[in-house]
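Before any comments, here is the structure.
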Amino acid sequence: MTGNSVTTNGNAASGAPSPGDEAEPGAPQTAENSCRDCGGTGRLDGENCPTCEGTGLVTVTVGDA
């Protein structure tokens, strides 16, 4: 599959967090949540949302962490 990459959250392949993430993806006591800025669509003003980088998801801290 040349040219395709899978992005679940953060930067594709690098595992780096998106600007809207509260913690590193996969960190303990975290979960994915809809991006508040784009409402989970991944789009803002006709372009990729800068907060979630177009995924519609951000990593948030859950529980008492």
Side-chain angles (χ1 to χ4, degrees):
M1 289 188 216
T2 305
N4 293 334
S5 64
V6 176
T7 303
T8 56
N9 200 13
N11 296 322
S14 72
S18 293
D21 289 343
E22 294 178 2
E24 293 282 330
Q29 291 189 283
T30 61
E32 288 186 333
N33 198 10
S34 296
C35 176
R36 291 182 188 180
D37 291 343
C38 67
T41 65
R43 306 288 289 170
L44 194 61
D45 298 327
E47 298 184 12
N48 280 346
C49 175
T51 303
C52 65
E53 297 180 326
T55 66
L57 299 170
V58 292
T59 302
V60 296
T61 303
V62 296
D64 59 359

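No experiment lies behind these values; they were computed from the predicted model shown.
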side-chain contact (heavy atoms from CB on, under 4.5 Å) against Arg36, all qualifying residues, sequence neighbours excluded: none
Separation between CG of Asn33 and CG of Asp21, rounded to the nearest 0.5 Å: 11.0 Å
Rounded distance (nearest 0.5 Å) linking atom SG of Cys35 with atom CG of Leu57: 8.5 Å
Shortest non-hydrogen contact between [X] and [Y], atoms and distance:
{"X": "Pro50", "Y": "Leu44", "value": "CD-CD2, 4.2 Å"}
{"X": "Cys49", "Y": "Asp37", "value": "SG-CB, 4.2 Å"}
{"X": "Thr61", "Y": "Ala23", "value": "OG1-CB, 4.3 Å"}
{"X": "Ala31", "Y": "Val62", "value": "CB-CG1, 4.1 Å"}

Passing candidate, side-chain contact (heavy atoms from CB on, under 4.5 Å) with Pro17, options Glu24, Glu22, Glu53: Glu24
